[in-house]
*Asks:* 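What follows is a single structure, and I will ask about it in a moment.
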Amino acid sequence: MHRQIPTLNAYCAPAVAYCGPGRTLVGGLAVVLLPALVVLALAAVFYYVLIPYYEAQQIGAGYVMLVRATSLGTEIARGQTPRAVLFVVGLVLIVLPSLWLVLRKLHHRPFRSLFGPTLRLNWRHMAWGFGVVLLASLLRPATLLGPMPQLAMPAIDWAALMFIALPLIFAQAFTEEAYFRGYLQQQLAARFASPLVWMLIPSLLFGLISYRTGTAPLQLWLNIGLMAALGALAADVTARTGNLGAAIGLHFGNSLYMLALHATGTGASGLALLQSTARSETTAALHHFLPLALAWLLFRILMARRNNA
């Protein structure tokens, strides 16, 4: 089916038996909606059970709980504190059980089939992806944004946070790639030959997860476009390597830089060691996109040299 990218045929082979559009649509929605229903159920228990219970025990106790929960929710939405960013990053992991369930019960294949035909991640590709995107991010001129970046927190405090943040950021990258470049790309590539389907649809959906209410329209669409571009680059290297490892590496390196090393002040910045204020939303988007494009090019060069060796 994919004559120009033969590695993609092997990559999507585990999905061929159960790749009907209806089945994929139901599975894709179930992966997201099942954990969302769990979160809503827990929120309902908190609001309708716990708060009335504590209010009955002591007048004002339930109200205090509600105020604290509202304050925490606002803090998480702003993403300006370490615990807020860690919470958002860790929340993504609730998708993994539903993804495993959908694969087993709806598509009758193991979770490891998302990694590729070998059922294993290619750790070398992952290291290459991580290395090239982190190198490209560190090499870009910091003054592209505007003023020189400022230290956002003491280095020793930041280093202590990294013991928690690094595993969570990696787990977030793994989870999102397993769903978008693993599940969705495999399912769609097994059914459709056009990259407008198997590359574009998952990438656009990946971009839409960066949607935030209250964000200025220009910044909002630039953020969505940036994430969609990252998704398309990850989809391309996944197709050409026939394994999910490279995409996870690219994603992890990009997230590590944006969340933990150098934030631009336009998103979640509570974990970052350095912060900058961009001259404009367009400048901030270019600041993030250019190293991604360079990293993709470097990775393709590495792959070409390895294949010709």
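As the structure is a prediction and not an experimental result, all values here were calculated from the model.
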*Asks:* Picking from L259, V88, L91, what satisfies side-chain contact (heavy atoms from CB on, under 4.5 Å) with Q172?
*Replies:*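 Among L259, V88, L91, the one that satisfies the side-chain contact (heavy atoms from CB on, under 4.5 Å) with Q172 is L259.
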
*Asks:* Side chain to side chain donor-acceptor pair (under 3.5 Å): which pairs involve residues 194-209, sequence neighbours left out?
*Replies:*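 Pairs touching residues 194-209 that pass the test: none.
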
*Asks:* With a 3.5 Å distance limit and no angle check, can you tell me whether T7 reaches the backbone of A239 through a side-chain donor-acceptor pair?
*Replies:*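 Side chain of T7 to backbone of A239: a pair is present.
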
*Asks:* If I take atom NE2 from residue H262 and atom OG from residue S137, how far apart are they, to the nearest 0.5 angstrom?
*Replies:* 10.5 Å

*Asks:* Might you point out which heavy atoms bring L119 and S113 nearest each other, and give the distance in Å?
*Replies:* CD2-CA, 3.6 Å

*Asks:* Which residues pass the ring-ring contact (aromatic ring centres under 6.0 Å, His included) test with F299, not counting sequence neighbours?
*Replies:* none

*Asks:* Within this structure, what is the CD1-CH2 distance for the pair I224 and W221, rounded to the nearest 0.5 Å?
*Replies:* 4.5 Å

*Asks:* Applying salt bridge (Lys or Arg N to Asp or Glu O under 4.0 Å), name anything that partners R112, two or more places apart in sequence or on another chain.
*Replies:* none

*Asks:* Who pairs with R120 by side chain to side chain contact (heavy atoms under 4.5 Å, CB included), at least two apart in sequence or on another chain?
*Replies:* T118

*Asks:* Of the non-hydrogen atoms in V95 and T175, which two are nearest, and what is the gap between them?
*Replies:*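 Answer, listing the atom of V95 first, then T175: CB-CG2, 4.2 Å.
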
*Asks:* When rounded to the nearest 0.5 angstrom, what distance separates CD in E176 from CG in L93?
*Replies:* 9.5 Å

*Asks:* Mind checking who shares a hydrophobic cluster with V16, ILVMFWY linked at side-chain heavy-atom distances under 4.5 Å?
*Replies:*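 Joined to V16, directly or through intermediates: none.
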
*Asks:* Considering non-hydrogen atoms only, spot the tightest contact between A15 and C19 and give its length.
*Replies:*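 Heavy-atom minimum between the residues: O-CB, 3.2 Å.
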
*Asks:* Tell me, which pairs form a ring-ring contact (aromatic ring centres under 6.0 Å, His included) where one or both residues lie in residues 71-112, sequence neighbours left out?
*Replies:* Y18-H108, H107-Y183

*Asks:* Kindly write out the residues that satisfy side chain to side chain contact (heavy atoms under 4.5 Å, CB included) with A13, not counting sequence neighbours, or none if the list is empty.
*Replies:*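 With sequence neighbours excluded, A13 shows a side chain to side chain contact (heavy atoms under 4.5 Å, CB included) to no residue whatsoever.
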
*Asks:* How many angstroms lie between atom CZ of F180 and atom CD of Q185, to the nearest 0.5 angstrom?
*Replies:* 12.0 Å

*Asks:* Please report the shortest heavy-atom distance between A235 and M199, naming the atom on each side.
*Replies:*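 Reported closest heavy-atom pair: CB-CG, 3.8 Å.
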
*Asks:* Has the side chain of N9 got a donor or acceptor atom that lies under 3.5 Å from a matching backbone atom of R3?
*Replies:* no

*Asks:* Can you list the residues that meet the ring-ring contact (aromatic ring centres under 6.0 Å, His included) rule with W296, with sequence neighbours excluded?
*Replies:* none

*Asks:* For the residue pair A234 and V237, what are the closest heavy atoms and their distance?
*Replies:* O-CG2, 3.2 Å

*Asks:* Please write out which residues are connected to L204 in a hydrophobic cluster, directly or through intermediates, given that two of Ile, Leu, Val, Met, Phe, Trp, Tyr count as joined at side-chain heavy-atom separations below 4.5 angstrom.
*Replies:* L196, L200

*Asks:* Checking F192 now: which residues fulfil ring-ring contact (aromatic ring centres under 6.0 Å, His included) with it, not counting sequence neighbours?
*Replies:*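 None.
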
*Asks:* First locate atom CG of L103, then atom CG of L114, and finally report the distance between them rounded to the nearest 0.5 Å.
*Replies:*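 Atom-to-atom, L103:CG and L114:CG are 5.0 Å apart.
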
*Asks:* Counting only N and O atoms by type, is there a donor-acceptor contact under 3.5 Å from the side chain of N243 to the main-chain atoms of N122?
*Replies:*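 Between the backbone of N122 and the side chain of N243 there is a qualifying donor-acceptor contact (under 3.5 Å).
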
*Asks:* Does the Lys NZ or Arg CZ of R181 fall within the cation-pi geometry relative to F206 - under 6.0 Å from the ring centre and within 45° of the axis?
*Replies:*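 The answer is yes, since R181 meets both limits relative to F206.
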
*Asks:* If hydrophobic clusters are built from ILVMFWY residues whose side chains come within less than 4.5 Å, do V92 and V102 share one?
*Replies:* no

*Asks:* Going by the rule salt bridge (Lys or Arg N to Asp or Glu O under 4.0 Å), which residues pair with R83 if we only count those two or more places apart in sequence or in a different chain?
*Replies:*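 Salt bridge (Lys or Arg N to Asp or Glu O under 4.0 Å) check on R83 returns E75.
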
*Asks:* What pairs of donor and acceptor atoms, side-chain ones from residues 21-50 against any protein atom, are under 3.5 angstrom apart with sequence neighbours left out?
*Replies:*
residue : atom : partner : partner atom : Å
R23     : NH1  : L106    : O            : 2.5
T24     : OG1  : G20     : O            : 3.1
T24     : OG1  : Q187    : NE2          : 3.0

*Asks:* Determine the minimum heavy-atom distance between A152 and A272, stating which atoms define it.
*Replies:*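 That would be CB-O, 3.4 Å.
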
*Asks:* Only one of F174, F130, Y257, W128 forms a ring pair (Phe, Tyr, Trp, His ring centres under 6.0 Å) with F252, so which one is it?
*Replies:*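 With F252 as partner, ring pair (Phe, Tyr, Trp, His ring centres under 6.0 Å) holds for just one option, F130.
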
